[in-house]
There are 2 protein chains.
Amino acid sequence: MPLYLRAVEDFYRREHEVVSSQDLGDWTGLTPAQVRKDFTFFGEFGKQGIGYNVKFLRQQLRQILRLTEDVHIGLVGFGNLGRALVHYHVDAHTAENPEFGAPDRLRITAAFDVDPSVVGTDFRGVHIFHVDQLSEIVHEHGIKIIIIAVPAQHAQSVADKAVAAGVKAILNFAPVTLTVPEDVKVRHTDLTLELQSLAFYTG
Amino acid sequence: MPLYLRAVEDFYRREHEVVSSQDLGDWTGLTPAQVRKDFTFFGEFGKQGIGYNVKFLRQQLRQILRLTEDVHIGLVGFGNLGRALVHYHVDAHTAENPEFGAPDRLRITAAFDVDPSVVGTDFRGVHIFHVDQLSEIVHEHGIKIIIIAVPAQHAQSVADKAVAAGVKAILNFAPVTLTVPEDVKVRHTDLTLELQSLAFYTG
DNA sequence: GATTGTGAACGGATTCACAGCA
DNA sequence: TGCTGTGAATCCGTTCACAATC
């Protein structure tokens with residue numbers, strides 16, 4: 001769904017009044033049937049013979065994706081990768097930057113590390129706490145998502161702490177498969193795995 | 001398959017002689033049946049009643065994934081993200097770092113940007129060329145994969161140039177859906193999309 | 001005529017279950 | 001007995017095709 005929202009935002013920006021599932025399919029690279037099926041899961045947004053009202057659809061998608069209220073995110077691991085992620089995210093979400101699609105309410109509220117030389121400092125408006133304060137800060141700010149950008153050997157224990165603190169979603173950049181309870185959603189991004197996969201196709 | 005290799009490397013490091021599809025399933029989070037099916041696509045590696053010989057399986061997987069010869073990678077876009085990627089990758093692949101699983105031959109051979117203040121400099125052993133030299137350098141070094149870490153509005157034109165130069169695989173970090181010929185493999189990593197997806201589950 | 005929403009058909013991927021072998 | 005390799009069975013996501021509707 002986030003991809004559809006990005007598409008709809010683009011049509012919105014270009015002042016289209018309506019879009020068809022065909023239009024959205026072209027934009028996203030999916031089939032029109034796929035687009036319609038995905039939408040019906042959440043309700044009926046379109047008008048037969050006409051298409052989807054862009055303004056209405058945009059609003060519906062934002063609602064569905066909970067982009068209308070602040071979502072607090074914690075970042076664990078403030079090495080090169082963590083720093084780049086903050087940079088990237090802050091750029092994307094403060095600069096009224098339309099290239100990312102919908103402006104949303106995703107906020108990196110706090111960062112965590114163990115290195116005394118960064119703990120206690122601020123970076124791009126984000127304060128870096130010691131990892132021992134994870135649970136405390138998660139509760140204090142109502143953090144629902146954490147990003148794991150620590151070395152592999154610490155990733156699982158960070159995940160455990162976060163889950164214990166009530167975090168329900170994890171974006172994992174460490175090269176390990178995390179074990180978490182069923183009700184916690186994990187997404188995994190792994191540069192090495194991606195490159196190794198691609199290398200296979202270069203024969 | 002890269003994930004299996006990582007698992008096998010782990011068993012290898014812990015000096016296991018054999019692994020069962022059950023073991024590998026536990027490690028990766030997949031079912032044993034799945035593991036066996038995936039392997040049979042490439043051949044028969046195991047012994048009935050025993051399991052898979054770790055050393056042999058490791059060697060086979062490396063062969064399959066073409067990790068035995070150098071694969072040259074180009075990085076386009078040397079902003080915060082690009083820099084972090086080089087950092088990360090160089091760390092992962094020079095430090096004999098076992099946490100990433102198999103040592104491989106994936107090399108970021110060259111980087112590209114348009115900013116005169118970085119073009120011509122070196123970073124962590126990687127030289128930064130002007131994007132205009134993309135085609136030339138791709139041919140010169142036999143680059144097969146490029147990583148796109150440029151702003152959204154330039155991503156497609158970079159992809160086009162790379163494809164024209166003969167690149168067959170692209171790892172795209174820009175928040176756009178790239179259009180490429182069928183024989184080019186694209187993988188897309190999009191922080192904003194990942195976070196928006198996760199936000200949906202935090203209700 | 002255009003386009004949605006949807007039940008039916010399809011197909012690919014996953015899982016089952018078991019024969020075969022160490 | 002234990003575990004692989006694999007055909008059969010099943011599941012699930014995608015696509016088709018069309019009735020309903022603007």
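- For the pair A:Gln48 CD and C:dG5 C1', the interatomic distance rounds to 6 Å; values are reported in whole Å.
- Between the CD atom of B:Gln34 and the P atom of D:dC11 there is a distance of 16 Å, given to the nearest Å.
- Proximity of B:Thr31 to the phosphate of C:dT15: a side-chain N or O atom is located under 4.0 Å from OP1 or OP2.
- In this structure, the side chain of A:Arg66 engages the main chain of B:Phe200 through a donor-acceptor pair within 3.5 Å.
- If B:Pro32 and A:Ile50 are placed on DNA chain D by their nearest nucleotide, the residue sitting closer to the 5' end is B:Pro32.
- For the atom pair CD1 (B:Ile145) and CD1 (B:Ile108), the distance works out to 10.0 Å, reported to the nearest 0.5 Å.
- Of the side-chain N and O atoms in A:Thr40, none sit less than 4.0 angstrom from OP1 or OP2 of C:dG5.
- In this model, no donor atom of one side chain and acceptor atom of the other lie less than 3.5 Å apart for A:Asn53 and A:Glu17.
- Whole-Å rounding puts the B:Gln60 CD to D:dG5 P distance at 12 Å.
- Nucleotide D:dC22 holds its C1' atom 14 Å from the OH atom of A:Tyr52, rounded to whole Å.
- Looking at heavy-atom distances under 4.0 Å, B:Phe45 makes contact with sugar-phosphate atoms alone, never a base.
- Here the side chain of B:His130 pairs a donor or acceptor atom with the backbone of B:Asp132 at under 3.5 angstrom.
- For the pair B:Glu17 CD and D:dG2 P, the computed distance is 20 Å after rounding to whole Å.
- Separating the CZ atom of B:Arg36 from the P atom of C:dG20 is a distance of 16 Å, rounded to the nearest angstrom.
- Judged by distance alone with a 3.5 Å cut-off, a donor-acceptor contact links the side chain of B:Lys37 to the base of C:dT15.
- Atom pair A:Asp38:CG and D:dG13:C1' shows a separation of 10 Å (rounding to whole Å applied).
- Going from atom CZ of A:Phe42 over to atom P of C:dG5 covers 14 Å, rounded to whole Å.
- When the side-chain nitrogen and oxygen atoms of A:Ser21 are compared with OP1 and OP2 of C:dT4, one or more of them lie within a distance under 4.0 Å.
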